[in-house]
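Below is one structure; the comments refer to it alone.
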Amino acid sequence: MSSFTTTTEDSVAVVTFDLPGEPVNKLTAAVRLEFEALLIHLRDDSAIKAVVLISGKPDSFIAGADIEEFTALTTQAEAERLSFEGQEMVSRVETLAKPVVAAIHGACLGGGLELALACHYRIATDHPKTQLGLPEVQLGIIPGAGGCQRLPRLIGVRAALDMILAGKSERALKALRLGLVDEVVPHSILRSVAVAAAGRLAQTGLPRRKSKGGLQDTLLDRTAAGRRMVYRGARQQVLKKTGNHYPAPLAALEAVRVGLEHGIAAGLAEEHRAFGELAVGDVSRKLVQIFFATTSLKKDDGIVPGSAVPRQIRRLGIIGSGFMGSGIAGTAVLNVEVDTRLKDADLSRVGKGLKAAIEILSERLKRRRLTRPQYERLTALLSGGDSYAGFGRADLVIEAVFEELDLKRRVLAEVEAAARPDTIFASNTSTIPIRDIAASAERPERVLGMHFFSPVEKMPLLEVIPTELTSPEAIVTAVRFGRRMGKTVIVVDDHPGFWVNRILSPYLNEAAFLLEEGVPIELIDTTMAAWGFPVGPVALLDEVGLDVAQKAGRVMHEAFGERMKPAGALSRMLAANRFGRKNGVGFYRYEDGHKAGVDSSVYPLLGVRPVEGADARLVERRLVYAMLNEAAGACAEGVIRCARDGDVGAIYGIGFPPFRGGPLRMLDDLGAARAVEALHLLQDQHGERFRPAAALVEMSRQGGRYYPA
Ligand code: T1G
Ligand code: NAD
């Protein structure tokens, strides 16, 4: 079956790419062969004066190289060859003696954008699905089909590095401003505008692009000395962000540098060399596994497929317009465009909550992600009050009041009285079992947990927690709604702390034990940041709020006993009125809302003196194993449905270092036997809380794993 069909309109060949049987267009080896044959035909057919390349898929132009195909490669030489062949194919487009216009609608990513860059003119649709980018570094590789060469030449080295090193995509209007595309049009006229442009270029020759920008661009982008500054700055930024754990961004920077300083041939050679090395490396393997795990979660509704259909959510009610309630409201309005009503105990709190929700929208307006009319329309969807007025029409109600069981039960009863019998009730509790909240519910089949993470608009994870009584319809509705809010959703079992807080708890508690022993705060936090977490555990406690952390710790202690007994550090801090960032004093000092260094007056409060010469490796060992061991235990209890959910949850919920693949993947890499051995040592030194989970011991005996080898 062929992937390309060609029709001719007034001597313009319109080539439609539609990979049979696949949801998106990908560049596979078979596609490359067919396309190269087609290029020869286009070159030799004298009736054809110009070419348009367009996609037959509803919302992808080309999603890049086939990730499955290149991850099947086992040797560096094979991977290098794949990149080299991609470069060759793309170069043949650029050197075709006839103008080629890329007509782009939908995802234009990786190799797809590299192909478009080799075309002579690019037109994109203004549709939000149209995204242009080089996401390769997110897969641990670099653009390997000339992207490191053509992008900086087209849009300038600084703008190109911004895109390549972060792997971020741009919408059409931004792409137009950057000079990445030549025109932006509505989808309905994409094809006709592209055909007209191709015809025009055939007559008038290739477009000449004026170099954009002022003096600064000239100095920084177009002089060798200026570029040296750019490379140095970019390198520092990459190291700061990735802490040297991710080799791809630096390799991409080098491929760009070599190309600009030594010519495109040298640049292409460096590009395919580095691609080959990275594609078979461990970091890329891990990141690709996470890509496929995330993709498969997009289709997993947490129910037996087909056993229920999701309800449409037209109106959303939120109880509690505090920190979380307002964040959920703003994010729901932004991404789902749903009518949202907030309720709190009094009007001044409602006002505050509405303001915070609108702030999420204003932020997008400022960054030009929303137009003024869109912003006006979205803010009009938000309303609030101090009563249940309007809740009779809500399809879904999310509760985000204080973390108190009695209060949550009362709110549920009030909602059941005020709302329709078929309204779904979701609690955003972070630790309390949902079955306890639902214990006296009239309609427990409509009650579940939707556990968002803070800040809601930024954190990519949602845990959906059904009880034994929750209906499949309620589950699938919550999962789909969360997904529309932009979240990766895992469905987890109803145990205290669910998954993410369950594994986070012993980790944070271990940090508190370290503090009580006088291990310096800086040492704890820099150790774990260097290990790959976005922030260290002590800074994280400050972010979460020490009161919130203490409450959660108590719930966990009650549920799991001695093993989760809280260290005393938090109570001492709270007794001194230190809540963390929220009141400006925690383990760190805060000035104008910015973290301003460790507050050394904390040590006397904790009754210790900072010890000198503490061993960072031991600190790391205790913290990491506290989490890994809990992950193994919780997994064996069935908190998560599979290892995939656990690893994705840890990475998206608490920033577990992606290059390590997640806690369960890490246990597989270590081997259960080694993990058990390390835990036994810790148990001897620090007590029973490090007793290895029974499941892990069993695994070490049987040589089991979480993932197939
Ligand atoms: N390779 C293989 N499979 C892919 C794919 C790709 N590039 N892109 C998508 N899929 C599959 C996906 O796994 C799923 O499969 C189905 O398509 C629908 O995807 C030389 C080497 C395009 C924005 O990183 O970001 O080019 O589960 O459910 O939400 O330099 O998929 O149905 O069997 O995600 O509408 C760089 C990755 C490659 C883009 C669509 N490209 N894809 O999102 O649908 S490296 C990427 C995405 C490269 C060159 C290098 C998204 C999407 P299945 P979906 P969606
Ligand atoms: P918050 O104190 O900022 O907000 C709670 C709000 O609930 C307050 O505005 C309060 O006035 C309101 N409220 C209390 N009783 C009410 C009632 N009877 N009717 C209506 N409103 C009432 O707290 P938060 O941080 O937003 O946490 C809310 C929930 O979300 C808690 O269950 C918490 O465990 C959970 N959660 C918090 C976080 C976090 O990081 N803060 C993360 C995930 C989940």
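Numbering of ligands and ligand atoms starts at 1, following listing order.
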Distance from [X] atom [atom1] to [Y] atom [atom2], nearest 0.5 Å?
X: R483; Y: R480; atom1: CZ; atom2: CZ; value: 6.0 Å
X: F587; Y: L541; atom1: CZ; atom2: CG; value: 6.0 Å
X: F498; Y: I490; atom1: CZ; atom2: CD1; value: 11.5 Å
X: L570; Y: K551; atom1: CG; atom2: NZ; value: 13.5 Å

Per-residue contact class, [X] against ligand 1 - non-hydrogen pairs under 4.0 Å:
X: L134; result: neither
X: A63; result: both
X: P135; result: side chain
X: I67; result: both

Report the nearest protein non-hydrogen atom to [atom]: residue, atom name, distance rounded to 0.1 Å.
atom: atom 53 (P) of ligand 1; answer: K299 NZ, 3.0 Å
atom: atom 15 (N) of ligand 2; answer: L407 CD2, 3.6 Å
atom: atom 35 (C) of ligand 2; answer: N428 O, 3.2 Å
atom: atom 14 (C) of ligand 1; answer: T295 CG2, 3.6 Å
atom: atom 35 (O) of ligand 1; answer: K129 NZ, 4.4 Å
atom: atom 40 (C) of ligand 1; answer: V24 CG1, 4.5 Å
atom: atom 7 (N) of ligand 1; answer: A65 O, 2.9 Å
atom: atom 25 (O) of ligand 1; answer: L109 CD1, 3.8 Å

Please state which part of [X] comes within less than 4.0 Å of ligand 2, counting heavy atoms only: side chain, backbone, both or neither.
X: R349; value: side chain
X: I432; value: neither
X: F452; value: backbone
X: H451; value: side chain

Angle class for the F391/Y388 ring planes (parallel below 30°, perpendicular above 60°, tilted otherwise)?
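Ring orientation of F391 relative to Y388: perpendicular.
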Classify the ring geometry between F70 and F275 as parallel (under 30°), tilted (30 to 60°) or perpendicular (over 60°).
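Plane angle over 60°, so perpendicular.
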Is it true that the side chains of T431 and E403 contain a donor and an acceptor less than 3.5 Å apart?
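T431 vs E403: donor-acceptor pair found between side chains.
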Regarding ligand 2, does [X] bring an N or O atom to under 3.5 Å of one of the ligand's N or O atoms?
X: E403; answer: yes
X: M324; answer: yes
X: T429; answer: no

Nitrogen or oxygen atoms of E136 and ligand 1 under 3.5 Å apart:
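Yes; at least one N/O pair falls below 3.5 Å.
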Say whether E114, considering both its backbone and side-chain N or O atoms, lies within less than 3.5 Å of an N or O atom on ligand 1.
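Between E114 and ligand 1 (N or O atoms, distance only) the closest approach is under 3.5 Å.
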So is [X] in contact with ligand 2, going by heavy-atom distances below 4.0 Å?
X: V544; result: no
X: K408; result: yes
X: V548; result: no

My understanding is that we take every heavy atom of each candidate and find the minimum distance to [atom]. Doing that for [options], which one comes out nearest?
atom: atom 12 (C) of ligand 2; options: V401, I437, D344, V411; result: D344
atom: atom 55 (P) of ligand 1; options: K26, K298, R483, Q138; result: K298
atom: atom 37 (C) of ligand 1; options: F275, F291, F292; result: F291

Using a 6.0 Å cut-off, check whether atom CD of E558 has over 12 heavy atoms from anything other than its own residue.
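Atom CD in E558 is not packed in, count stays at 12 or less.
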Quick one: are R341 and I318 in side-chain contact, heavy atoms under 4.5 Å?
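No, their side chains stay 4.5 Å or more apart.
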Are the side chains of V93 and C119 in contact, using a 4.5 Å heavy-atom criterion?
yes
Before you tell me yes or no, could you show the steps for Y507 and F533 under ring-ring contact (aromatic ring centres under 6.0 Å, His included), namely the whole-Å CA-CA distance, both residues' side-chain angles and the distance that decides it to 0.1 Å?
CA-CA 12 Å; Y507 168 80; F533 274 107; 5.3 Å; yes
Determine whether any heavy atom of S60 lies closer than 4.0 Å to an atom of ligand 1.
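No; S60 lies far enough from ligand 1 that no heavy-atom distance drops under 4.0 Å.
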With a 4.0 Å cut-off on heavy atoms, is P23 touching ligand 1?
yes
Considering the heavy atoms of [X], write down every atom of ligand 2 situated less than 4.0 Å from one of them.
X: S454; answer: 40 (O)
X: I319; answer: 19 (N), 20 (C)
X: A345; answer: 20 (C), 21 (N)

